[in-house]
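For the single chain, residues carry numbers from 1 onward in sequence order. Both counts, for ligands and for their atoms, begin at 1 and track the order of listing.
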Amino acid sequence: MSSVLARPVTLHRPPHREAPAGSTQRWTAAAVQTLFELSFPDLMHRAQTVHRENFDPAMIEFATLLSIKTGGCPEDCSYCPQAARYDTGVEASKLMEPAEVLQAAQRAKAAGATRFCMGAAWRSPKDRDIEKVAELVATVKSLGLETCATLGMLEDGHAQTLREAGLDYYNHNLDSAPDFYGDIITTREYQDRLDTLARVRGAGVKVCCGGIVGMGESRLQRAGLIAQLANLDPYPESVPINHLVRVKGTPLADQAPLDPFEFVRTIAVARITMPRARVRLSAGRQQMGDAVQALCFLAGANSIFYGDKLLTTGNPDTQADLDLLARLDLKQGQPSLISSGR
Ligand code: SAM
Ligand code: DTB
Ligand code: SF4
């Protein structure tokens with residue numbers, strides 16, 4: 001849209017802040033949609049400019065995921081293979097023991113991961129679950145890995161316990177825009193997610209929060225999700241952008257595919273609105289192809305899940321990822337913030 005291009009590029013800039021990233025500017029969904037509607041070359045240029053002001057654009061973080069408690073979840077998230085009510089072939093399991101988790105974390109570290117994320121298919125963990133996960137966090141932390149957990153909605157005190165055990169990040173996704181949420185999940189409210197995010201932030205744990213693209217939402221609703229994320233104050237340090245993995249047995253199994261360039265645009269818009277966040281090219285890479293992934297890195301993604309499996313679905317082979325990075329002259333490592341960035 002030429003009218004947008006005519007405006008100064010500083011229009012949507014949050015004021016300068018040192019890390020962690022902050023956001024005092026309120027984004028409307030309409031303003032974010034305006035970014036989506038830039039021409040593809042202009043959008044990519046803006047995203048790359050912001051990326052380079054804040055990070056070495058060649059540096060990609062590797063995080064490894066482990067499902068520490070799989071399946072049997074009481075929630076009805078329409079995309080999720082772990083919801084007990086859908087017949088997806090995922091078997092429910094109990095929480096893993098510390099020795100098993102330690103082995104998996106050691107393997108991830110040896111393979112080059114710097115962050116280790118533990119996921120549990122809970123609606124909300126009980127106090128005794130938190131005690132057990134705290135033990136797992138301490139075990140992983142002792143290897144010198146960054147730690148992340150995603151366990152569902154937290155009660156008061158849970159995030160503190162996890163932080164004291166060495167938790168660096170808590171992943172809790174908003175998943176979609178508020179006005180689309182009820183179409184995909186009915187067993188909780190958007191506000192429940194925001195409440196947990198506030199508890200995590202309040203406990204001094206870094207926030208990893210993003211969403212899923214390709215669930216049948218409109219472009220304005222994709223913009224609405226990004227606006228919600230960017231308006232968290234401060235905005236998340238880590239923003240996973242998942243492409244829906246269509247899993248047989250879930251209500252979204254037959255969802256029409258999204259234009260891959262719309263996914264790339266979503267990454268670019270996340271980068272522009274959350275300049276100092278790690279934008280994570282998350283689920284869906286196996287189905288995406290190398291060229292689309294390359295565009296996502298050019299659009300500002302600087303983190304991937306590394307390892308043959310996500311939680312229950314597949315992820316590219318580790319060797320394929322190492323080859324892809326080499327072909328693109330990208331490096332595996334912690335994308336550090338450039339101090340003069342904004
Ligand atoms: N139960 C916890 C919760 O919902 O927060 C933690 C685990 S849950 C599996 C973590 C995230 O995985 C979800 O918020 C969603 O964004 C993502 N996810 C689940 N199924 C997915 C799918 N089929 N495609 C893409 N992302 C998915
Ligand atoms: C996130 O945003 N994506 C990851 C992680 N956080 C926990 C999970 C993706 C799950 C994809 C479906 C599956 O493997 O079960
Ligand atoms: Fe349960 Fe999380 Fe899956 Fe929803 S996304 S069904 S809460 S495991």
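- At a cut-off of 2.8 Å, C80 coordinates atom 3 (Fe) of ligand 3 through an N, O or S atom.
- With ligand atoms numbered from 1 in the order given, ligand 2 contributes 7 (C) to contacts under 4.0 Å with heavy atoms of T150.
- Exactly one residue among N173, L225, I212, I226 makes a side-chain contact (heavy atoms from CB on, under 4.5 Å) with I241. That residue is I226.
- Under 4.0 angstrom from ligand 2, the non-hydrogen atoms of L65 all belong to its side chain.
- The shortest contact between atom 10 (C) of ligand 2 and any protein heavy atom is with L311 CD1, 4.1 Å.
- Atom 4 (C) of ligand 2 has as its closest protein heavy atom F305 CE1, 3.7 Å.
- Considering backbone and side-chain atoms alike, N171 places every N or O at 3.5 Å or more from each N or O of ligand 1.
- Geometrically, ligand 2 and N173 share a nitrogen or oxygen pair separated by less than 3.5 Å.
- From the protein, the heavy atom lying nearest to atom 3 (N) of ligand 2 is N242 OD1, 2.9 Å.
- Residue T312 approaches ligand 2 through these ligand atoms, each under 4.0 Å from one of its heavy atoms: 13 (C), 14 (O), 15 (O).
- The shortest N or O to N or O distance between S282 and ligand 2 is not below 3.5 Å.
- Among the backbone and side-chain atoms of C77, no N/O/S atom is found under 2.8 Å from atom 1 (Fe) of ligand 3.
- Nearest protein neighbour of atom 6 (N) of ligand 2, counting heavy atoms only, is N171 OD1, 3.1 Å.
- Heavy-atom contacts of P81 reach the following atoms of ligand 2: 15 (O) (cutoff under 4.0 Å).
- Of all atoms in ligand 2, listed by their number and element, those nearer than 4.0 Å to a heavy atom of P240 are 2 (O).
- Within the 4.0 Å heavy-atom criterion, the part of R188 lying near ligand 3 is the side chain and not the backbone.
- Protein heavy atom in closest approach to atom 12 (C) of ligand 2: T313 OG1, 3.6 Å.
- Checking each of F305, Y306, F116 against F62 for a ring-ring contact (aromatic ring centres under 6.0 Å, His included) leaves exactly one that passes, namely Y306.
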